[in-house]
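Everything numeric here is computed off the predicted structure, so don't read it as measured data. Numbered from 1 within each chain, the chains take letters A, B, ... in sequence-line order.
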There are 2 protein chains.
Amino acid sequence: MAGRERTKRDVTLKQVAKAAGVHSSTASRALDPSKRHMLGTEVVERVTAAATSLGYRRNSLAASLRTQRSRLVGVLLPDLTNSVFSPILGGVTEALGEADYSVVIADVGTAGEHQLRLFNELLARRVDGLILATASRSDPLVERTLESGVPTVLVNRAESGNRVGSVVSDDSEGMRLAVEHLIDLGHREIAHIAGPPHLSTGFLRRRGLEKSLSAHGLLPAATTIAGAFSREEGRLACLALLDKAPKATAIVAANDLLAMGAYEALRERGLNCPGDISIVGHNDMPLVDMIAPPLTTVRIRHRTMGREAARLLLCQIEDADTPVQSIVLMPELIVRESTRRL
Amino acid sequence: MAGRERTKRDVTLKQVAKAAGVHSSTASRALDPSKRHMLGTEVVERVTAAATSLGYRRNSLAASLRTQRSRLVGVLLPDLTNSVFSPILGGVTEALGEADYSVVIADVGTAGEHQLRLFNELLARRVDGLILATASRSDPLVERTLESGVPTVLVNRAESGNRVGSVVSDDSEGMRLAVEHLIDLGHREIAHIAGPPHLSTGFLRRRGLEKSLSAHGLLPAATTIAGAFSREEGRLACLALLDKAPKATAIVAANDLLAMGAYEALRERGLNCPGDISIVGHNDMPLVDMIAPPLTTVRIRHRTMGREAARLLLCQIEDADTPVQSIVLMPELIVRESTRRL
DNA sequence: GCTAATTATGCAATCGAATGCACAAGCCGG
DNA sequence: CCGGCTTGTGCATTCGATTGCATAATTAGC
């Protein structure tokens, strides 16, 4: 008596069919828009009526088993909480939802072995496709997806091999924007807080910065590599930077979180931004326009990135012969008050 | 020739069984830790060896169909991008992942009818449970979950009926902390930017504020209701507030985003925070410690909230007779520089 | 008015794994 | 040395929907 009855079995297609006085196969066709036309209109109506009155809900598990398509896409994320990845995920689910796909998420955190487990779990669920936001520049997981033959798209981070589709921001261009801006303002001693080099974002942004600098006959005043894209690592890196290059007048951080850490480091050292040192970030994450001073940064359309990744993946799912595509999104410089004319 | 062969069929249990020279049912048992003991050790080894060498991965679709358990939980979110919900989701996936469940997400956005579609989609996938972060104070969806008999837990927002489990922050206590703090600082003219009253957070925080105020024989200097928990609505509400209660010395915003809007409004009016007006937020979202001035706010452990919701849900899934539980998490006041002694 | 073509529906197999039941082999005690 | 018990494995059904093929009913054509 106590407790909700769990035994309330779902209505099956067969029950609907019986209620409508037809065979289950007929009911199946009646409820499938693309097959409805094979049936008499009167029958279709009778079946749909029976279905709604019984509260029928088709069991996608069974359907997927039969059709070999789950309409499920797996998304592997390094960190759900990170303001880079949540809008990406938002864009992905939005675009996928419009195409009637659902999204299973796997938030990796850090552990590497853990990541493989999650990957296997997704494949066991027979996802129709995979979106990886976790890829390192040479990622064993990419190998695995290739083996398994699951359509896959990389997002935000690319891998070196270019063996699967990807959607990324043009990191080189982003750094060019940042560097040109600083040079316009008269800066020459420009230092860099780099991101982890095993990630394409860390690696490419550093290379982009160096390239843009050398186009002006300059070298970085100094570079420190942060252990992770985090505030604390940014603080540490900036502290190191201030020691290595005391003459630097500007710092380009590989992303906003690192820039935030740099803010803290500056404050600790009694330095003023932008008075003593200008800072440029990357991503334009929420609220960086409200901090003191409002951060000059390179804006990336993360949501769009997610949407495009979903679009690419859908192409691959629908047509296995789709060639491997890579989309590169253009970033935009947002000038605020953390950079000033020298 | 061109294009990846999609036809690479997955290895089935039957194939593994044949390779190991046993029947598929035996293979099934050999691969199930809880049934392994029924078998001879030698057979178990032969099967597991065959499984790994063939690269077998069990088809959870088929397994779920047979066992009537999908080990899948659906999470309905109002906005993935919102810094309140991403840590909640993070906590949920973390805790659920530890119990070998996967998470399907449905990001509602706004549209109400859309929400019902997503809900139906989740049920069609036969999720074992549901976590709703979208609930309004009287939500038709709660009705639906009750009907369907799917174990459900509400998170962050509760509904009035208390008919399903929930995990929320003690909004009343949060507001008490904020009010006591301001009163300690000598404030008497305290205004409120309230959240949408159809959400428990909006409603309960307002009521909590009024209760705490009246415990000191005070009334709100004024209250404006924001149309949504957004920066822009906060700005608008604050502007209105400044007109309604020009003598107010402090504003309590129903959340940080509204507080951010208030900052902008103050700036527009040439007012200084905390010089002219003190402001308290709610949530302690990322970066509010970096803005100018650093925001005094009520911290909520969103990740914990997610974890607890997952825990509650697992109890309900595992034992249908688990009574409806409601967990209320204690918030914490974080004093920074947006509030000052009068 | 009879065959051919068409349309509408039913039948039965299938997807892959799990599991109740049957059965065989081995063991024990009396 | 045999009946009963335990242990290990196989058989066949089941989960719920989809779909190729067969067939019944209807229409068209001549």
Quiz prompt | Earlier contact from the 5' end, DNA chain D, for G40(B) and T67(B) | solution = G40(B)
Exercise. Tell me which of R126(B) and L39(B) sits closer to the 5' end of DNA chain D, going by the nucleotide each one is nearest to.
Key: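 First, find each residue's nearest nucleotide; the 5'-ward one identifies L39(B).
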Calculate the interatomic distance between [X] atom [atom1] and [N] atom [atom2]; express it in whole Å.
| X | N | atom1 | atom2 | result |
| --- | --- | --- | --- | --- |
| Q68(B) | dG16(D) | CD | C1' | 9 Å |
| R66(B) | dA17(D) | CZ | C1' | 16 Å |
| D10(A) | dT14(D) | CG | P | 19 Å |
| H23(B) | dG10(D) | NE2 | C1' | 6 Å |

Would you mind listing every salt bridge (charged side-chain N to carboxylate O under 4.0 Å, His left out) that reaches into [range], with sequence neighbours excluded?
| range | result |
| --- | --- |
| residues 149-159 of chain B | E159(B)-R163(B) |
| residues 23-32 of chain A | D32(A)-K35(A) |
| residues 48-65 of chain A | none |
| residues 65-78 of chain B | none |

Side chains of [X] and [Y]: does their closest heavy-atom pair fall under 4.5 Å?
| X | Y | result |
| --- | --- | --- |
| R301(A) | M305(A) | no |
| R126(A) | S64(A) | no |
| P151(B) | D128(B) | no |
| L61(B) | L65(B) | no |
| T152(A) | L154(A) | yes |
| L116(A) | N120(A) | yes |

If you restrict it to nitrogen or oxygen atoms, what contacts under 3.5 Å exist between nucleotides 22-28 of chain D and the protein, and what is each distance?
none

Practice problem: For DNA chain C, note the earliest and the latest nucleotide, 5' to 3', having some atom under 4.0 Å of a heavy atom belonging to chain B. | Solution: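 Range of nucleotides touched by chain B: dC15(C) to dG20(C).
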Exercise. Show your working on side chain to side chain contact (heavy atoms under 4.5 Å, CB included) between L39(B) and T26(B) and close with a plain yes or no.
Key: CA-CA 8 Å; L39(B) 267 38; T26(B) 304; 4.0 Å; yes
Sequence neighbours left out, what passes side-chain contact (heavy atoms from CB on, under 4.5 Å) with [X]? Give chain and number order.
| X | value |
| --- | --- |
| A95(A) | R307(A), A310(A) |
| A133(A) | L77(A), P78(A), F85(A), V155(A) |
| L314(A) | L96(A), A99(A), Y101(A) |

Quiz item: Which residues in residues 43-64 of chain B have at least one heavy atom lying under 4.0 Å from any atom of DNA chain C?
Solution: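 Only Y56(B), R58(B), N59(B), A62(B), A63(B) qualify.
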Quiz item: In residues 25-36 of chain B, what residues come within less than 4.0 Å of DNA chain C, judged by heavy atoms?
Solution: S25(B), S28(B), R29(B), K35(B)
Practice problem: Give the C-alpha distance, both sets of side-chain angles, the deciding distance and a yes or no for side-chain hydrogen bond (donor to acceptor under 3.5 Å, both in side chains) between S86(B) and T81(A). | Solution: CA-CA 5 Å; S86(B) 50; T81(A) 294; 5.3 Å; no
Self-check item: Axis-to-axis angle between the two ends of the helix from dG1(C)-dC30(D) to dG30(C)-dC1(D) (five base pairs per end, rounded to 10 degrees)
Solution: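 That helix gives 40° between its end axes.
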Exercise. Check the pair H114(B) / L118(B) against side chain to side chain contact (heavy atoms under 4.5 Å, CB included), numbers first and verdict last.
Key: CA-CA 6 Å; H114(B) 188 50; L118(B) 290 172; 4.0 Å; yes
